[in-house]
Amino acid sequence: MKKRLFALLCALVLLTTAIPSAGALAGEANRSADILSTLGLVNGTTNAGYDLTSPATRAQAAVLLVRLAGAEEAAAADPWFAGYRDVPAWCKDAVDYATHQGWLTGITPLDFQPNTAITANAWCTSLLRMLGYSDENGDFSVSDAALFAQRIGLISVAYSGTLTRGDMFEIARDALTFSYKDGSGTLIEHLVDSGCTSRSAASALGLLAPELTARQVADRHMAAVFRLDLYKTQEEIDAGTPSANASGFFIMSDGLAVTNYHTIDGGIYATATLSTGEVYPVEKVLYYDAAIDIAVLQVSPTSTIGKTTSAFAFLELAGTHDIRAGDTVYALGNPLGLGLAVSSGIISATARDVERYALPCVMSSADISQGSSGGALLNVYGQVIAVTSGAYLYGNNMYLAVPVDPVLTADLSGEGLTLKQVAEIQAAKTPAADKAQ
């Protein structure tokens, strides 16, 4: 038996160490290239023309950027000249136009270096600028543009260093369903509305479908979820060893976040670890209700290593008024503290009375585990309907989530309380007999 267990453990190690990097996922690169080709944004075929493993050049990035913006005709009509002396004719309009818009810059005032490989930070910088973000105004910095893009959900995985064409296509594919900063719609919606690509092609690819698959939910919304680490003593803080970990999710770009009350109960300090691996302290508790098991937190925009962000990815709240038994739902959280994960299921009951909760719970078959408390239960549109909270111990697929509805009407305008203040208030409310147990 011991030998068999050891063999299973070894197999697990082999599996977990054999996962390829983002750039090595040829299937994803092909899929992305096919999507972009169907939309008329790149030329070539999987077997001849995509050249997915070759370095992506700055010239290729300029052309793709202008096409993503739906600006090929505008680029051809724009007489403005960037002044570069090394740009070939096939990409000159795109390079000049992208430079004129402030999306790209040359290596020097006279040299664009079109054949130089583009880096993840440079490509993400161009996309962010095109979407309305500004490095000059402090939205992000060029040196960590890829990290910022992942933090706000523009890209779904981490990229660094120089990019292959496949990498560039994958990032462009992710960007298609991302919104402009001003909220004027997504890239793909703009391309369809401007006539640069057909609505039927975008619909056939699922880019306009309001209902999301589990893969789309993970790609587009995982960045808004975090691991919540709770510390109950100064000794735990000093040692960096939390007493518990759970989940939480952002509901505003400024760091406003939701979790269960029980995930912060008794704590004096907590941190949020994002999908990027960055860690941000919890500053305040703006609202909490122990009876319904919900808390609204303010997460600091400055990380534990002193880096400040201008925005976090966030989820839209929908509430439970329109849910029905049998609806598909997705759970996002941090099960067992092993990292962020997605699961899917259906709503089993829309309003199940449970003794420990003041409000009826949503019961579903979307798997959650210890550590998932405080995570998001989403509908098929990617909106939060409830906060994953618990399960029936002896039930099968009977997972509970508390409705997020109270957050929709909560007053979040006050200064809030520190975690320590909340713990002291709740401790004062606890009867002496309960404290003695």
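Counting heavy atoms from C-beta on, the side chains of Leu52 and Thr164 never come closer than 4.5 Å. Using a 4.5 Å cut-off on side-chain heavy atoms (C-beta onward), Tyr330 and Thr328 make contact. With contacts defined as side-chain heavy-atom distances shorter than 4.5 Å, the pair Cys361/Val402 qualifies. Under the 4.5 Å side-chain criterion, counting only non-hydrogen atoms from C-beta, Gln101 is not in contact with Val66. Using a 4.5 Å heavy-atom threshold, the side chains of Val422 and Leu417 count as touching. The closest side-chain heavy-atom distance from His221 to Val225 is not below 4.5 Å. The shortest distance between side-chain heavy atoms of Asp327 and Ile346 does not fall below 4.5 Å. Two residues are said to be in side-chain contact when any heavy atoms from C-beta on lie closer than 4.5 Å; Thr177 and Leu187 fail this criterion.
Donor-acceptor pairing under 3.5 Å is lacking for the side chains of Asn260 and Thr263. Using modelled atom types, one finds no donor on one side chain facing an acceptor on the other under 3.5 Å when comparing Asn121 with Thr119. Neither side chain, Ser141 nor Asp135, offers a donor N or O lying under 3.5 Å from an acceptor on the other. In summary, the side chains of Gln383 and Glu316 do present a donor paired with an acceptor at a separation below 3.5 Å, with no hydrogens or angles considered. Side-chain atoms of Ser37 and Asp34 include no donor-acceptor pair closer than 3.5 Å. Asp174 and Ser156 form a side-chain donor-acceptor contact under 3.5 Å, judged by distance and modelled atom types alone. At a cut-off of 3.5 Å, with distance as the only test, no side-chain donor of Glu136 or Ser134 sits close to an acceptor on the other residue. Between the side chains of Tyr399 and Asp367, at least one donor-acceptor pair of N or O atoms lies under 3.5 Å.
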Take Arg324 and Thr350, measure what side chain to side chain donor-acceptor pair (under 3.5 Å) needs, and give me the verdict at the end. CA-CA 6 Å; Arg324 299 290 185 274; Thr350 60; over 6 Å; no
In sequence, state the C-alpha distance, the side-chain angles, and the governing distance for Glu278 and Lys307, and then conclude on salt bridge (Lys or Arg N to Asp or Glu O under 4.0 Å). CA-CA 9 Å; Glu278 299 169 293; Lys307 289 189 175 181; over 6 Å; no
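Ile368 CD1 to Leu336 CG: the interatomic distance, rounded to the nearest 0.5 Å, is 11.0 Å. In this structure, Arg151 CZ and Asp144 CG are separated by 6.0 Å, a value rounded to the nearest 0.5 Å. From Arg165, atom CZ reaches atom OG of Ser54 across 7.5 Å, with rounding to the nearest 0.5 Å. Considering CG of Leu176 and CD of Glu189, their distance stands at 11.0 Å, rounded to 0.5 Å.
A salt bridge links Glu28 and Arg173; the closest N-O separation between the charged side-chain nitrogens and carboxylate oxygens is under 4.0 Å.
Aromatic rings of Phe226 and Phe250 (six-membered ring for Trp) have centroids within the 6.0 Å cut-off, being under it. When ring centroids are compared, Phe312 and Tyr280 come within the 6.0 Å threshold. Note: Tyr269 and Tyr231 meet the aromatic proximity criterion, with ring centroids under 6.0 Å apart.
Between Leu400 and Tyr392, the closest heavy-atom pair is CD2-CE1, 3.9 Å.
Atom CD of Gln370 has 12 or fewer neighbouring heavy atoms from other residues, nucleotides or ligands inside a 6.0 Å radius. More than 12 heavy atoms of other residues, nucleotides or ligands shown are found within 6.0 angstrom of CD on Glu424.
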